[in-house]
There are 2 protein chains.
Amino acid sequence: MAEIDKIDRKILSILQGDGRIANVELAERIGLSPTSVGERLKRLQRDGFVEGYGARLNPHRLGLGLLVFVEVLLDKTTPDVFERFAKAVQTAPEVLECHMVAGGFDYLVKARVANMTAYRRFLGETLLALPGVRETRTYAVMEEVKRDAPLPVG
Amino acid sequence: MAEIDKIDRKILSILQGDGRIANVELAERIGLSPTSVGERLKRLQRDGFVEGYGARLNPHRLGLGLLVFVEVLLDKTTPDVFERFAKAVQTAPEVLECHMVAGGFDYLVKARVANMTAYRRFLGETLLALPGVRETRTYAVMEEVKRDAPLPVG
DNA sequence: AACTGATCCTTATTTTCTAAGGCAAATCTG
DNA sequence: CAGATTTGCCTTAGAAAATAAGGATCAGTT
């Protein structure tokens, strides 16, 4: 059920780079018939290797020019801080990722906003408004050296 | 050329969530004919709003169970450190993202590896092997609270 | 008032997907 | 070890979707 061979990996790799490739062309590149590739892909989806497909949008083109990372420290004396913080983060559209980390702080938040003005608003009205947030450290991204690389499949 | 109306945003939003939706169904959801939606989409791609499509793979299913963030400080006395670091990062498959940030350190690296053993190897053989790397701070992710949320388009 | 460009439509052709059925090799089982 | 089952692949045919062509309408412009 969780077996995955070299052909499967190749399918995943190609699909990760071009999620809209026609099954016919994918089959050509793999060296199998379209039907076989289709069956493999169906299995890969059923078994949870492929979670979905999405268009990759250009954030700058959409007016989201500023990428920031925020380290968040919570006040552990407040009850339910973690649950409440996690829930609030889900509903904030600016937050693209949020991870609980081991180390000097509690959460690492990745967010995209239009500019510094928008960020100040987001920080004040969303992040700092949450109860239990003790401290935040903001790191504004000056240059995106590597962005959303594909997972190493092969 | 860079105009984008409400319909365009809806197209982008739907496509971001389901990049493989049939144009026919997309058109139904939008309320236009398939041809019109196709033309809009073509324009959105030509103008750089859509950069591509990709399958969303499950990293855990692929044996990449550990997500880490690494803060990297460079030794600015070494020449070309920034260029060399940036280039090395591109070729490392473990590195999913790398950003130059303003603040207490120089680069923030997001990487996925199988486990702590693999991470130690990556840290020693890839990151610390680079000339000019003065200090690194590793933050292992314990829980992924929010993962790869769609960009706020609407 | 005529032109231009943008946006949308319908229609017809080509391409792709999908489901059905079959073959052969590998694997399981008594 | 022989028979049965499963697995993975194939071809084929009908259904669905993408694409290209041609035309109508409307807003802004000369």
Side-chain angles (χ1 to χ4, degrees), chain A residues 1-64 148 150-154, chain B residues 1-64 148 150-154:
Chain A
M1 178 259 189
E3 298 297 302
I4 189 170
D5 65 11
K6 206 154 188 182
I7 296 177
D8 290 326
R9 288 183 186 278
K10 200 166 178 182
I11 291 174
L12 292 177
S13 176
I14 293 174
L15 234 34
Q16 197 176 13
D18 181 3
R20 264 205 151 177
I21 188 175
N23 190 42
V24 175
E25 196 193 327
L26 177 59
E28 267 172 29
R29 288 228 255 156
I30 297 290
L32 289 178
S33 78
T35 316
S36 294
V37 174
E39 283 165 358
R40 277 175 178 270
L41 180 52
K42 209 177 206 170
R43 174 172 51 77
L44 289 168
Q45 289 177 164
R46 177 172 49 77
D47 293 351
F49 291 95
V50 178
E51 295 184 333
Y53 301 86
R56 281 189 294 267
L57 306 186
N58 184 326
H60 296 92
R61 215 78 183 71
L62 292 165
L64 298 170
D148 272 311
L151 295 179
V153 181
Chain B
M1 178 259 188
E3 297 298 303
I4 188 168
D5 65 12
K6 207 155 188 180
I7 296 178
D8 290 326
R9 287 182 188 277
K10 201 167 178 182
I11 291 174
L12 292 177
S13 176
I14 293 175
L15 235 33
Q16 197 177 12
D18 180 4
R20 263 205 152 179
I21 188 175
N23 190 42
V24 175
E25 196 193 327
L26 178 60
E28 266 172 28
R29 289 228 255 156
I30 298 290
L32 288 179
S33 77
T35 317
S36 294
V37 174
E39 282 165 359
R40 278 175 178 268
L41 181 51
K42 210 176 204 171
R43 173 173 50 79
L44 289 169
Q45 290 176 163
R46 177 173 47 78
D47 293 351
F49 291 96
V50 179
E51 295 184 333
Y53 301 87
R56 281 189 294 266
L57 306 186
N58 184 327
H60 296 92
R61 215 78 184 71
L62 292 166
L64 298 169
D148 272 311
L151 294 180
V153 182

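Keep in mind it's a predicted model, so treat the numbers as computed, not measured. Proteins get letters first, then strands, A, B, ... in listed order; numbering begins at 1 in each.
- A:Ile4 is listed as a side-chain neighbour of A:Leu44, based on a closest heavy-atom distance under 4.5 Å.
- Taking all atoms of both residues into account, the shortest heavy-atom contact from B:Leu15 to A:Arg20 is CD1-NH2, 4.1 Å.
- Along DNA chain C, the nucleotide nearest A:Glu39 and the nucleotide nearest A:Ala22 are compared for position; the residue whose nucleotide lies closer to the 5' end is A:Ala22.
- Checked against C:dC17, D:dC10, D:dA17, the side chain of A:Asn23 finds its nearest nucleotide in C:dC17.
- Side chain of B:Arg61 to main chain of A:Glu51: no donor-acceptor pair is present (N/O by atom type, distance under 3.5 Å, no hydrogens or angles).
- The separation between B:Ile4 atom CD1 and C:dA6 atom P is 17 Å, rounded to whole Å.
- To the nearest angstrom, P of C:dT7 lies 15 Å from CD1 of B:Ile30.
- Distance from the side chain of A:Ser33 is smallest for D:dC10 among the nucleotides D:dC10, D:dA18, D:dC9.
- Here the C1' atom of nucleotide C:dT7 and the CG atom of B:Asp5 are 10 Å apart, to the nearest Å.
- Side chain of B:Lys42, nearest nucleotide from C:dC8, C:dT16, D:dA20: D:dA20.
- Counting to the nearest Å, the P atom of D:dT19 and the CZ atom of B:Arg43 are 17 Å from each other.
- The base of D:dT11 sits within donor-acceptor range of the side chain of A:Thr35, with an N or O pair under 3.5 Å.
- For C:dC9, the OP1/OP2 oxygens have a side-chain nitrogen or oxygen of B:Ser36 closer than 4.0 Å.
- A straight line from CD of B:Glu25 to C1' of D:dA17 spans 12 Å, rounded to a whole angstrom.
- With rounding to whole Å, A:Asp47 atom CG is found 12 Å from D:dT7 atom P.
- Put simply, the side chain of B:Asp5 gets close to the backbone of B:Ile7: a donor and an acceptor are under 3.5 Å apart.
- Side-chain N or O atoms of A:Arg9 include one that pairs as donor or acceptor with a backbone N or O of A:Val153 at under 3.5 Å.
- Going from atom CD of A:Glu3 over to atom C1' of D:dT7 covers 13 Å, rounded to whole Å.
- Atom CG in A:Leu32 sits about 18 Å away from atom P in D:dT7, given to the nearest Å.
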